[in-house]
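Here the structure is laid out as C-alpha cells; the discussion comes afterwards.
Just follow the structure's listing: the first ligand is 1, and inside any ligand the first atom is 1.
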Amino acid sequence: MAVEIRAIEALLQENRSFSPSAEFASTAILNDPAIYDVAAKDPVAFWAEAARELHWFKPWDKALEWKAPDAQWFAGGKINACYNCVDRHISTPRRNKAAIIWEGENGETRTLTYWDLYREVRRFASVLTEHFGIKKGDRVCIYMPMVPELAIAMLACARIGAIHSVVFGGFSAESLQDRINDSECRLVITADGGYRRGTVIPLKRNVDEALVNCPSVEGVVVVRRLGHGLTDETFTRMHEMRDHWWHRVAEDVSGKSECEEMDSEDMLYVLYTSGSTGKPKGIVHTTGGYLAGCYATTKWVFDLKDDDVYWCTADCGWVTGHSYTVYGPLANGATIVMYEGAPDFPDKDRFWSICEKYGVTIFYTAPTAIRAFMKWGPEYAQKHDLSSLRLLGSVGEPINPEAWMWYQQYIGEGRCPVVDTWWQTETGHIMISPLPGITPTKPGSATRPLPGILVDVLDEKGNSVPLGGGGYLVMTHPWPGMTRGLYGDPQRFKDVYWSKYPGIYFTGDGAKRDEDGYFWLLGRVDDVMNVAGHRISTMEVESALVDHPAVAEAAVIGKHHDLKGQAISAFVTLKGSRAGNSEMADDLKEHVVKKIGAICRPDDIIFTAELPKTRSGKIMRRLLRDIAEGRALGDTTTLADPGVVQSLRERYEEEG
Ligand code: WTA
C-alpha cells in the first residue's frame with residue numbers, strides 16, 4: 001500500500017492531466033469538442049434544443065425572457081416533471097426496467113420497475129388530492145429517510161402541481177418547524193423512523209414536536225419503515241384525525257391521478273439552504289427550465305445510457321438528491337440505486353458491496369466521503385469486484401488533488417473518468433464540470449463551464465480577472481435551472497445574489513483560473529461553512545448558541561478539517577462571570593444539535609471572556625480562524641484573559 005500511495009504523490013507531482021481514453025470517447029454520448037463553440041454562439045438556442053427532448057404538452061412561446069434577476073425559461077410551454085420522469089417511460093421498453101433499486105441499511109432490498117413506480121406515484125398522488133384535498137400550488141413538506149416513498153412522494157407532488165419542500169431527516173424538530181412555517185405547508189409526509197448506523201432516527205417523534213407550533217399543517221402521512229416491533233408508542237404515537245399511515249390511506253383512493261399540465265414557470269419545489277444570516281433561505285425552482293437542465297446535464301456529465309446502473313449517494317434532503325437522484329436520472333429513464341444508511345455500516349466496505357451487488361456503473365459522491373475512504377484504506381474497496389464502474393463523480397466541496405487521485409486510482413482503478421462537478425442549490429444543476437468523453441481533467445479542478453453556461457471570475461470592482469488569477473465566481477448569462485428566487489423574500493434574493501455586480505449572479509464562491517482557463521474552486525467567500533459537504537451558516541449556529549440561557553455572545557467559524565473539509569469552532573462568552581468547563585461545552589454542543597441538527601454540532605467550543613472585535617464592533621473572524629487552527633495561540637481551549645484578546649486584536653489590526 002505504501003508504494004501505491006507514493007505513486008499517487010508522484011502522479012500529483014507530475015501535474016498530469018488525463019485525457020478521455022479513446023475507448024471511452026468512442027462510445028460517449030458527447031465526444032465532439034465543437035459542442036462548446038456551438039453552445040457559446042447561442043446559449044439560448046442550445047438549451048432550447050436540449051429542452052425539446054423532454055415531453056411538452058404544449059410547446060413554449062419564447063425560450064428565454066430575461067430581465068435581471070428575473071428569468072423565464074420556455075414561458076408559455078406546458079409540461080409536467082412527473083410525466084417526464086415516469087409516465088413517458090411506460091409506453092416504451094423501459095416499462096419493465098428497474099427505476100429504483102433500493103437497499104435499506106438493515107439489508108432489506110426492493111426494486112421498483114418504471115411500471116411499479118408509475119402505479120405507486122399515481123396512487124400516492126391520488127392520496128394527496130382525494131384524501132387530503134391538496135391542490136396545485138399547495139406546499140407539502142417531506143421529512144423522510146432514504147426510502148423509495150421519498151422519491152414517490154416528490155414525484156406525486158410534481159404530478160398534481162403541489163410544491164414539495166423536502167427537509168433533510170438529520171434536521172431537528174425546530175429546524176423542521178421553521179421550514180414548515182416559512183412556506184406554510186399543508187401536509188407533512190414522514191416515516192416512523194429511519195436507520196442510521198444501526199440506530200433509529202425518530203422522524204415521526206420530531207414531526208410531533210415540530211407540529212406543536214405549525215398552524216398551517218392539516219395532516220401527516222406516515223410511512224411504516226421500522227416494522228411492527230418498533231412502531232410502538234416510543235416512535236409513533238398516531239394523532240387521531242391528523243395522522244395517517246401511508247399504506248392505509250393508499251388503500252382508500254382511486255389510484256388514477258393524472259398529470260397536471262403545468263406552466264413551465266410554475267413552481268416545482270422549494271428547498272431550504274443556509275445563507276449568511278441565521279434564517280435559512282427557501283430556494284425556489286420552477287418546472288420546465290429546471291427539468292431541462294437536470295435532464296441534459298445528467299445525460300452529458302454522467303454519459304448516462306440505458307444500460308447504466310447509476311448511483312448518486314446524496315440524500316434527497318439536499319439539492320443533489322433532487323437533481324441527480326430523482327429528476328435528472330429518472331427523466332432519462334435510468335436505473336438508480338438508493339441506499340438508506342451510512343457508508344461504514346455494518347462495515348467500511350458498504351458502498352463497495354452495494355456497487356458490486358447491483359453492478360453500479362456510474363457513482364457520484366462527495367469529497368468528504370472520498371477522504372474518509374482514503375483514511376480507512378483501499379482494502380475495503382479491493383475486497384469487492386468494482387469492474388462494473390465506468391465513471392466517477394464528485395460534488396459538494398472542493399476536492400483536493402490527492403483525494404481526486406485516490407478516487408481515480410483505487411475506486412476507478414485508473415479506468416474511469418472522474419468528473420468534479422461544481423454547482424449550488426441555487427443553480428439547480430451542474431455548471432462547471434468536465435464532459436467525460438471530451439474534456440481532459442486535472443486532479444482538483446472542476447475544469448470548465450458546461451456548454452451553454454457562461455462563467456467569469458471578477459475582482460472586487462467587477463473586472464474580469466485574467467487567466468492565472470483568482471477572484472469571485474459569477475455567472476454572466478441566465479441558465480435554465482437557475483433559482484427563480486427565495487420563497488417569500490424577493491428583496492433578499494436581489495441583495496444576496498444580484499447586488500454585488502448588477503445583472504450578474506454572484507455565487508458566493510472564490511475561484512482561480514489557470515493558464516489553460518481551468519477553474520479551481522476556492523470555497524466560500526461569505527459566512528457560510530462547508531462541513532462534510534453540507535452548507536451551514538455561521539450565523540445559524542451562533543443564534544443557536546446564544547439561545548442557550550448561559551451564553552452571552554458567540555462567534556462561529558469553520559476551521560480546516562482533514563476529513564470534513566471544515567469543522568465548526570465556536571467562541572463563546574458566558575453570562576456574568578461564569579467560567580466555561582467541559583460539561584458546559586458538551587451542554588452547548590447538545591443545545592446546537594437540538595436547535596438545528598446533528599450536522600451542526602460544533603467540534604470545539606472555546607470559552608473567552610471577550611470576543612475579538614474591531615473598533616467598529618465587527619467580529620474578527622480571520623483572527624478566530626487563526627486561533628482555532630492553532631496559528632495564533634498554543635492553547636486553544638480558553639481565551640479567558642482579555643489581555644490576550646486585546647493583544648491579538650492589536651496585532652490583527654496592525655496586520656490589517
Ligand atoms: C460548494 C451542492 C468546489 C460551493 C451541489 C458551492 C463545490 C456550495 C463543489 C453549494 C465543487 C459544490 N467544487 N466547491 N465541485 N460543489 N461546492 O447548495 O461552495 O449544498 O457554493 O449545493 O458547495 O452547496 P449546495
Item to check | Shortest heavy-atom approach to atom 15 (N) of ligand 1 - which of T421, L473, V395 | outcome: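 The option holding the nearest heavy atom is T421.
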Element-labelled atoms of ligand 1 that are located less than 4.0 Å from some non-hydrogen atom of [X]:
X: V319; result: 5 (C), 22 (O)
X: T320; result: 5 (C)
X: D420; result: 11 (C), 15 (N)
X: N530; result: 1 (C), 23 (O)

How far is [atom] from its nearest protein heavy atom, and which residue and atom is that?
atom: atom 16 (N) of ligand 1; answer: G396 N, 3.1 Å
atom: atom 13 (N) of ligand 1; answer: E397 O, 3.3 Å
atom: atom 4 (C) of ligand 1; answer: D509 OD2, 2.9 Å
atom: atom 20 (O) of ligand 1; answer: R535 CD, 3.6 Å
atom: atom 3 (C) of ligand 1; answer: P398 N, 3.1 Å

Next on the checklist: Any atom of ligand 1 sitting under 4.0 Å from a heavy atom of W423?
Outcome noted: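 Within the 4.0 Å threshold, so yes.
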Next on the checklist: Any heavy atom of G508 closer to ligand 1 than 4.0 angstrom?
Outcome noted: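 The answer is no: ligand 1 sits nowhere under 4.0 Å from a heavy atom of G508.
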Angle between ring planes, [X] versus [Y], binned at 30° and 60°: parallel, tilted or perpendicular?
X: Y505; Y: W479; value: perpendicular
X: W406; Y: Y410; value: tilted
X: W318; Y: H534; value: parallel
X: H164; Y: Y327; value: parallel

Checklist entry - Looking only at N/O atoms, are T425 and ligand 1 under 3.5 Å apart anywhere? => result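 Yes.
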Checklist entry - Is there any N or O on E426 that sits under 3.5 Å from an N or O of ligand 1? => result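 So ligand 1 has no N or O lying under 3.5 Å from an N or O of E426.
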Check the side chains of [Y] and [X] for a donor-acceptor pair under 3.5 angstrom, ignoring hydrogens and angles.
X: Q177; Y: N181; value: no
X: D509; Y: W422; value: yes
X: S175; Y: Y272; value: no

Checklist entry - Between E629 and K559, does at least one N-O distance fall below 4.0 Å, as a salt bridge requires? => result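 No, E629 and K559 are not salt-bridged.
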Checklist entry - Quick one: is the NZ or CZ of R350 closer than 6.0 Å to the six-membered ring centre of Y339, and within 45° of its axis? => result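 Not flagged: R350 not positioned over aromatic ring of Y339.
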